[in-house]
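Written out below as structure tokens is the structure these notes cover.
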2 protein chains.
Amino acid sequence: MYSAAMSTQERLIESTRELLWERGYVGTSPKAILERAGAGQGSMYHHFKGKPDLALAAIRRTAEELLASAEAVLDSPGTPYERIAAYLRRERDVLRGCPVGRLTMDPDVMADPDLRAPVDATLASIRARIAEIVELGKEQGQFASTLDAGEIASAVVATVQGGYVLARASGSPDAFDAGVRGLLALLAPPRR
Amino acid sequence: MYSAAMSTQERLIESTRELLWERGYVGTSPKAILERAGAGQGSMYHHFKGKPDLALAAIRRTAEELLASAEAVLDSPGTPYERIAAYLRRERDVLRGCPVGRLTMDPDVMADPDLRAPVDATLASIRARIAEIVELGKEQGQFASTLDAGEIASAVVATVQGGYVLARASGSPDAFDAGVRGLLALLAPPRR
DNA sequence: GTCTATATACCGATAGAC
DNA sequence: GTCTATCGGTATATAGAC
């Protein structure tokens with residue numbers, strides 16, 4: 001349930017975002033969305049063409065927010081290593097998983113080009129942004145010049161996405177943190 | 001459809017394993033299982049108490065097979081680095097995702113302790129096995145003694161699990177391979 | 001062991017009153 | 001814009017014939 005100040009359309013999008021995060025697309029029914037939003041069937045089909053259309057609005061917003069917050073952390077001041085460390089260590093609701101990454105396991109999302117596009121674009125943008133930072137670190141001599149920036153960026157994002165899997169499997173955020181620490185130890189510039 | 005040599009019970013388990021991999025628990029209906037197995041309702045409820053019971057048999061078998069094949073690769077001959085590289089590089093149906101890891105995104109699996117246990121146990125065992133190998137590498141001087149074996153193991157498994165996410169998002173195995181190469185570059189012993 | 005018939009609830013969507 | 005009524009189809013399970 002949401003504040004009465006939020007429009008019905010907004011409440012529908014927000015409740016869909018929550019349910020997609022918790023249960024995925026296949027596991028989210030219009031009925032559940034409506035109950036959480038405190039709306040009736042008519043409202044949903046007035047504002048949206050159907051479940052896929054509403055899900056698209058929800059996914060787009062979630063993708064935008066994730067990208068914006070990730071870029072904010074990556075653009076924080078510091079050395080390239082520190083900026084990547086800040087991204088890896090930033091506060092996360094680890095056991096809930098990644099609201100964007102989890103959609104890749106949803107066959108109905110992956111099968112629909114419209115639903116899939118924001119997921120693809122978000123992860124690609126974050127990888128590209130991290131690759132730029134690694135490249136900068138190579139130029140500054142903080143990272144070995146032999147490293148491939150795109151590969152390191154992929155490893156960084158994969159460690160985060162896989163960390164969610166390990167954490168959820170074990171029921172504890174510890175596994176996520178362990179993976180992050182392991183990667184950072186490998187990435188750390190040699191002390192002098 | 002399966003060979004007539006396979007019992008109905010076996011066909012039910014095998015078709016459930018496939019569907020859990022493709023669509024997850026929530027997205028897999030008894031009807032779909034029965035169609036793929038070429039069996040009727042009666043057979044399923046004769047051999048299994050219901051959907052959760054059949055899913056448990058399927059998940060247990062998938063978990064056993066994954067663990068066995070992972071251990072086989074990890075125990076192949078070579079230096080610790082080579083054994084971990086063999087694990088990271090082993091042939092995978094990348095775009096299908098991990099049949100065990102994907103279950104962590106299924107709320108109904110995570111909510112049922114019986115269904116969840118094999119998922120947790122499998123990933124924990126693989127992490128522990130890799131940690132042993134890292135420890136061996138530290139003793140042999142191939143890895144820096146400052147590294148934490150458990151953390152490196154977590155990073156290795158997270159890179160694999162997250163690599164599936166990146167690959168599925170982008171629709172190409174390239175992102176998986178990039179992450180693996182990135183991690184291996186960071187893990188590689190210094191050349192002499 | 002396997003089949004068909006049946007049951008209750010929910011799915012996603014539409015119609016039309018207010 | 002929002003509501004309720006209704007729809008055909010499916011989800012999961014049970015009953016009982018063969």
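Order of the sequence lines fixes the chain letters, A, B, ..., with proteins taken first and strands second; residue numbering starts at 1 for each chain. Fair warning: this is a prediction, and the values are worked out from it, not measured in the lab. Just the heavy atoms: all of them, side chains too, but no hydrogens, waters or symmetry mates, feed the values below.
- Comparing D/dT12, C/dT2, D/dG1 against the side chain of B/T8 picks out C/dT2 as the nearest.
- Here the side chain of A/P52 is nearest to one of C/dA13, C/dC3, D/dA11, namely C/dA13.
- Nucleotide D/dA11 holds its C1' atom 13 Å from the CD atom of B/E35, rounded to whole Å.
- The CZ atom of B/R23 sits 14 Å away from the P atom of D/dT10 (whole-angstrom rounding).
- A donor-acceptor contact closer than 3.5 angstrom links the side chains of A/R90 and A/S69.
- A cation-pi arrangement is present between A/K51 and A/Y25 under the rule of less than 6.0 angstrom and at most 45 degrees off the ring axis.
- For A/S29, a side-chain nitrogen or oxygen approaches OP1 or OP2 of C/dC11 to under 4.0 Å.
- Atoms CZ (B/F48) and C1' (D/dT14) sit 18 Å apart, rounded to a whole Å.
- Between the C1' atom of D/dA11 and the OH atom of B/Y25 lies a distance of 12 Å, rounded to the nearest Å.
- One atom, CG of A/L19, and another, C1' of C/dC11, lie 15 Å apart when rounded to the nearest Å.
- Under 3.5 Å, the side chains of A/R96 and A/Y164 contain no donor-acceptor pair of N or O atoms.
- Distance from the side chain of A/Y45 is smallest for C/dT14 among the nucleotides C/dT14, C/dC3, D/dA11.
- Remark: P of D/dT14 and CG of B/D53 are 12 Å apart, rounded to the nearest angstrom.
- One finds no side-chain N or O of A/H46 lying less than 4.0 angstrom from the OP1 or OP2 phosphate oxygen of D/dC3.
- Computed from coordinates, the B/L12 CG to C/dC3 C1' distance equals 14 Å when rounded to whole Å.
- The side chain of A/S43 contributes no N or O atom lying less than 4.0 Å from OP1 or OP2 of D/dG1.
- A/V156 pairs in a side-chain contact (heavy atoms from CB on, under 4.5 Å) with only one of the listed residues (A/I130, A/V180, A/V134), which is A/I130.
- Computed from coordinates, the A/Q41 CD to C/dA13 C1' distance equals 8 Å when rounded to whole Å.
- For the side-chain contact (heavy atoms from CB on, under 4.5 Å) test with A/L136, the passing option among A/E132, A/K138, A/Q140 is A/Q140; the others fail.
- Here C/dG12 is the nucleotide among D/dC3, C/dG12, D/dT10 with the atom lying nearest to any side-chain atom of A/K51.
- Residue-level contact check: A/G50 touches the backbone only, with heavy atoms under 4.0 Å from sugar-phosphate atoms and none from bases.
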